[in-house]
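Hydrogens, waters and symmetry mates are skipped; everything else that's a heavy atom, side chains included, is used. In what follows, every chain begins at residue 1, and chains take the letters A, B, ... in the order their sequences are listed.
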2 protein chains.
Amino acid sequence: MGRLLNYLATGLFCCHAVYDGAVTDVTSTGTATTPTKRGRGEKSSATIYDIAKLAGVNPSTVSRALSKPGRVSAKTQKIIEDAAAELNYQVNPFARALPTGRTQTIGLIVADITNPTFFDIIRGAETTGSARDYTLVLAESAESPETEVTAARRLLSTVDGLILASPRMDDDHIRALAADKPVAVINREIQGVPCVVPDVNKGISEAVRSLAANGHEKLAYVAGPKQSWMTARRWDGVKAAAEWSKLSAVRLESSKPTVDGGRQVARDVLDSGATAVITYNDLLAIGLMQELQAGGMRVPDQISIVGFDDIFGADFTTPALTTVRSPLGECGTRAVTILLDMLQGQDAPGEAVRVETELVVRGSSGRLLV
Amino acid sequence: MGRLLNYLATGLFCCHAVYDGAVTDVTSTGTATTPTKRGRGEKSSATIYDIAKLAGVNPSTVSRALSKPGRVSAKTQKIIEDAAAELNYQVNPFARALPTGRTQTIGLIVADITNPTFFDIIRGAETTGSARDYTLVLAESAESPETEVTAARRLLSTVDGLILASPRMDDDHIRALAADKPVAVINREIQGVPCVVPDVNKGISEAVRSLAANGHEKLAYVAGPKQSWMTARRWDGVKAAAEWSKLSAVRLESSKPTVDGGRQVARDVLDSGATAVITYNDLLAIGLMQELQAGGMRVPDQISIVGFDDIFGADFTTPALTTVRSPLGECGTRAVTILLDMLQGQDAPGEAVRVETELVVRGSSGRLLV
DNA sequence: TTGTAGGCGTTATCAG
DNA sequence: CTGATAACGCCTACAA
C-alpha cells in the first residue's frame, strides 16, 4: 500500500509527463527513430534532443558542444549554446552518470553529526568541493562500524569519491572501498590509502612543555573511545612528551567523548592527583572543567586543563579553553583536494598528508599556585 | 588539458572495464540482442542481467522481484534473491533514476555552514532522512541570494525533494522551485509552500516577562541580517511582548550575526541605556557578553542578556547563556517528514507547521542589582 | 566537423 | 506470472 502511494507520487515529478507522451508517440510511430518528445507545456527540463531540434543539428553534436567544447565548429557551438540557453537546458546528471560513471559528487561519512569536531570538516569539504563544482553528499555512521560499512557501500556507488572522517570500521574494509573508487581518510592512517592526519606531536609537545614550565609534574590524559585510532596516537604523544619533559603521565578512561563524559571523569582526575590534564577532545575538557569548577576547584590555579581540537565554542568558556588545535577545516579541504586530484588521474599521495597541530594557549592552563 | 586528465581518470572507475568489454562484444555480435556482459574478473558490480542469467530468468523478472516483491512467484522470488545475494548485487541508483525520476535523496541548502544554527538542522535532517532510506545532499549559499538560486536549481534536478533552511532568495523564486518538486522551507513562511517555523511568540513572551519580573524596564533588541525573515519576526515579537509588559524596547542593528558582530554592538547597547538585551541569535549574545564583561560589566547583575536558538555551546559561557530555544533539530526532522510524505502522495500541510520555542533560563539573565 | 548507432542499468508496457 | 522490448537522457566509437 505504501507502494501504491509511492507510485502515485511520481505525479509530482516533471518526467511523468514525458511518459504519458512517450507512450502515445510509440504507439503511433512504432520504431522510435524520432525520439522527439514534443512540448508538454510544462517546464519539464529540456533534453539535448530539444536543443538539437531547435539548433537544427544532431543530438550528438549538441552533446559534444556541451560537454567538451572545442570539438565543434565555433559557429555551431554558438548556435547550440544559444539554443540551450533559450530552453534553459540543464544536463540530467543521472543520464550523464550512466554511460560516464561520473557524478560530480563526493561522499563524506562522519562518525557522529552531533560532534562539533566534524562541523569544520564538513564545512571545509563542502566549501572546497563546491568551489570545484562538486556536490557534497553526507552520511553518518552513528559511531557504529557496521552502519558505517553499510553507509559507505551505499554511498560509494553514487559518488565519485568518498571521504571517511574518523572511520570506525577496520582497515581492511577501508582498503576494500579504496579499491573500488578514490577514498580519502581523515584522522587515521592506513597503509595504502590516502590519509590526512593531524600531526599531534608538535601540538602536544608544546602543550606538555608549557605545562612543565608552569611547574606541573603530574599529568593525566583522559582518553576517548577505544575504537578511535586517534585516542591512541594522542596518548602516545602525551607519553613521549611527558617523558621528555620529565613529567609523570597517567592515562584515564572516559565513558564517552562528550561534555557529559568529561563531567563523569572528574572524580578519577581528582583521585589521580594530577595537576594538569590533557583530554582526548575539547568536549571532555569542557565537561571536566565545569564539574571541577562546580566542586570548587579553581582553573587554572589549582589544575590546568588542555583540550584537543579547538572546536567551535572552545573559547566560550571561562576561563577560555587552552587546546591543541587540529586544523579540521583544512583536513576537509585537503581530503577533497586529494580526491579530486585522483579523479583527474593524479596519483594518490605516497604517504599520509600531515597537517600541523599547535597549542592555543588560553585561560584554562597556567602556573600552579599551590 | 584538464579535460584530458579528466578523461583518463575514468580508468579509476569500475565501469570502465565494462566499456572495454562492451566494445569487443559489439563488433562481434552486431545487433546486441544479447546484452550480456561477461565476467570481467573485477568487482565491477553485478547487474540484473547477471542475476537473470544466474537465476535462469528474464532480466525484467529480476527487476520486478527486486523492486516490487509480490509480483513474482514465491519460488522464483527466492531464486532471484539468492542469486542477487551471491553476486552481492546492488542497484545502480542512476540507472534506476533515469526511467523512474526517483533518486532517494533529498537536498538541503543552508545559508552558512559556518553557522552552528544549521548544525542541528543538518543533523535532524540527516538522521530522519536516513532512517527512511534517504540520503542527504548538502549545499551552502554563502548567504548570497544568487548563489542560493543557482545551488537550488542544480540540486533540484538531482534530488527528490529540497529543503531550504533560512533561505535568502525571494518568495517567487522559492515558489518556482516548489512548482517543480516538493520543497520545504525552514525558518520562513511563504504562502503556498510547506514551511516549518518556530513560533517565537511563546519563547519571547516568556523571556520578556521574566525580564520584567526581574525589574528591567528598558530593553534592547539586537537585530540580525536585513534579508533575514526571522530577524523581523523576532523584533515584532519583542516589540509586542515589551508593550504588553510595559517595557520600552529599542532596536539596534548588528553588522553581522556572529560573535564578532556581538562584540561590535556592545558600544551601542551601552549607549542605549538598556538593562536587558535580547539578541537575534546566540552568537551575537555571546560576543556581546564577552565584550561587556571585558569592559568590566557584571552579567547579569548590571545587564541581562538573552540569546536566541540555544545553539551548541550556549551553555559553555560563564554565566551560561539564557536563551530562547528554537528546536532546530526538530525543524530539520519535520521538514524531511513533510517532504517524504509529499513524495508518497500526501498533500502538503495547508499552513506552516509551527514548532514551539521556549525560554531556557540560565545564568546570563536575572535581577537587576542597581 | 558532423551524423549514425549503439549502449549504460532499470523500469514499464504489452503480449503470451 | 513471465518474456520481450522500448524508453529514460546522455555519451562515444565509427563512419561519412
Side-chain angles (χ1 to χ4, degrees), chain A residues 7 10 13-16 18-19 21-23 25-27 29-33 35 37 44-52 55-68 70-77 80 89-102 157, chain B residues 7 10 13-16 18-27 29-37 44-52 55-68 70-77 80 89-102 157:
Chain A
Y7 178 64
T10 52
F13 293 96
C14 30
C15 31
H16 195 55
V18 178
Y19 268 121
V23 170
D25 275 3
V26 168
T27 53
T29 55
T31 55
T33 31
K37 312 281 154 314
S44 149
S45 41
T47 75
I48 55 172
Y49 285 82
D50 300 324
I51 299 182
V57 299
N58 189 283
S60 66
T61 308
V62 176
S63 171
R64 275 187 290 257
L66 263 30
S67 51
K68 37 185 73 159
R71 304 204 49 71
V72 128
S73 87
K75 213 179 74 192
T76 48
Q77 174 78 32
I80 290 175
Y89 166 81
Q90 288 190 240
V91 286
N92 177 328
F94 303 106
R96 173 175 286 184
L98 208 39
T100 266
R102 315 205 75 198
S157 66
Chain B
Y7 177 65
T10 54
F13 294 96
C14 30
C15 33
H16 196 56
V18 177
Y19 268 120
D20 297 342
V23 170
T24 323
D25 275 4
V26 168
T27 52
T29 55
T31 55
T33 30
T34 46
T36 337
K37 311 282 154 313
S44 150
S45 43
T47 75
I48 55 173
Y49 284 84
D50 300 324
I51 299 182
V57 299
N58 188 283
S60 65
T61 307
V62 176
S63 172
R64 274 187 291 256
L66 263 29
S67 52
K68 36 184 75 159
R71 305 203 50 71
V72 129
S73 87
K75 212 178 74 191
T76 47
Q77 175 79 33
I80 289 175
Y89 166 80
Q90 286 190 241
V91 287
N92 178 326
F94 303 106
R96 199 207 289 264
L98 207 39
T100 266
R102 315 205 74 198
S157 66

S.K.: Separation of B:L66 atom CG from C:dT10 atom P, in whole Å?
M.R.: 9 Å

S.K.: Toward the 5' end of DNA chain D, which comes first, A:S63 or B:T61, by nearest nucleotide?
M.R.: B:T61

S.K.: Quickly work out the A:K68 NZ to C:dT2 P distance and round it to whole Å.
M.R.: 15 Å

S.K.: Which nucleotide wins on minimum distance to the side chain of B:T47, given the candidates C:dT10, C:dT2, C:dT11?
M.R.: C:dT10

S.K.: Tell me: CZ of A:R71 to P of D:dT12, nearest whole Å?
M.R.: 10 Å

S.K.: Without decimals, in angstroms, what is the distance between B:L98 CG and D:dC10 C1'?
M.R.: 8 Å

S.K.: Could you state the atom-to-atom distance from CZ of B:R102 to P of C:dG9 in whole Å?
M.R.: 23 Å

S.K.: For A:Y89 versus A:A46, what's the shortest heavy-atom pair and its separation?
M.R.: CD1-O, 3.2 Å

S.K.: For residues A:R64 and A:R71, report the shortest heavy-atom separation together with the two atoms involved.
M.R.: CD-O, 4.3 Å

S.K.: Between B:T76 and D:dT2, is there a contact of a side-chain N or O with OP1 or OP2 at under 4.0 Å?
M.R.: yes

S.K.: Counting just side-chain N and O atoms, does B:N92 come under 4.0 Å of either OP1 or OP2 of C:dT10?
M.R.: no

S.K.: Rounded to the nearest 0.5 Å, how far apart are CG of B:N92 and OG1 of B:T47?
M.R.: 9.5 Å

S.K.: Does the side chain of B:I48 come within less than 4.5 Å of B:V91's, by heavy atoms?
M.R.: no

S.K.: Can you work out whether B:N58 or A:S60 has the more 5'-proximal nearest nucleotide on DNA chain C?
M.R.: A:S60

S.K.: Quickly work out the B:I48 CD1 to C:dT11 C1' distance and round it to whole Å.
M.R.: 8 Å

S.K.: Rounded to the nearest angstrom, tell me the gap between atom OH in B:Y89 and atom P in C:dG9.
M.R.: 10 Å

S.K.: Heavy atoms only, 4.0 Å cut-off, all strands: where does A:V62 land among base, sugar-phosphate and nothing?
M.R.: nothing

S.K.: At 4.0 Å (heavy atoms only), tell me whether B:Q90 reaches a base, stays on the sugar-phosphate, or touches nothing.
M.R.: sugar-phosphate

S.K.: Using a cut-off of strictly less than 4.0 Å, decide whether B:R96 has a side-chain nitrogen or oxygen near OP1 or OP2 of C:dG9.
M.R.: no

S.K.: Will you find, in the side chains of A:T76 and A:S73, an N or O donor that is under 3.5 Å from an N or O acceptor?
M.R.: yes

S.K.: How many Å lie between CZ on A:R64 and C1' on C:dG3, as a whole number?
M.R.: 7 Å

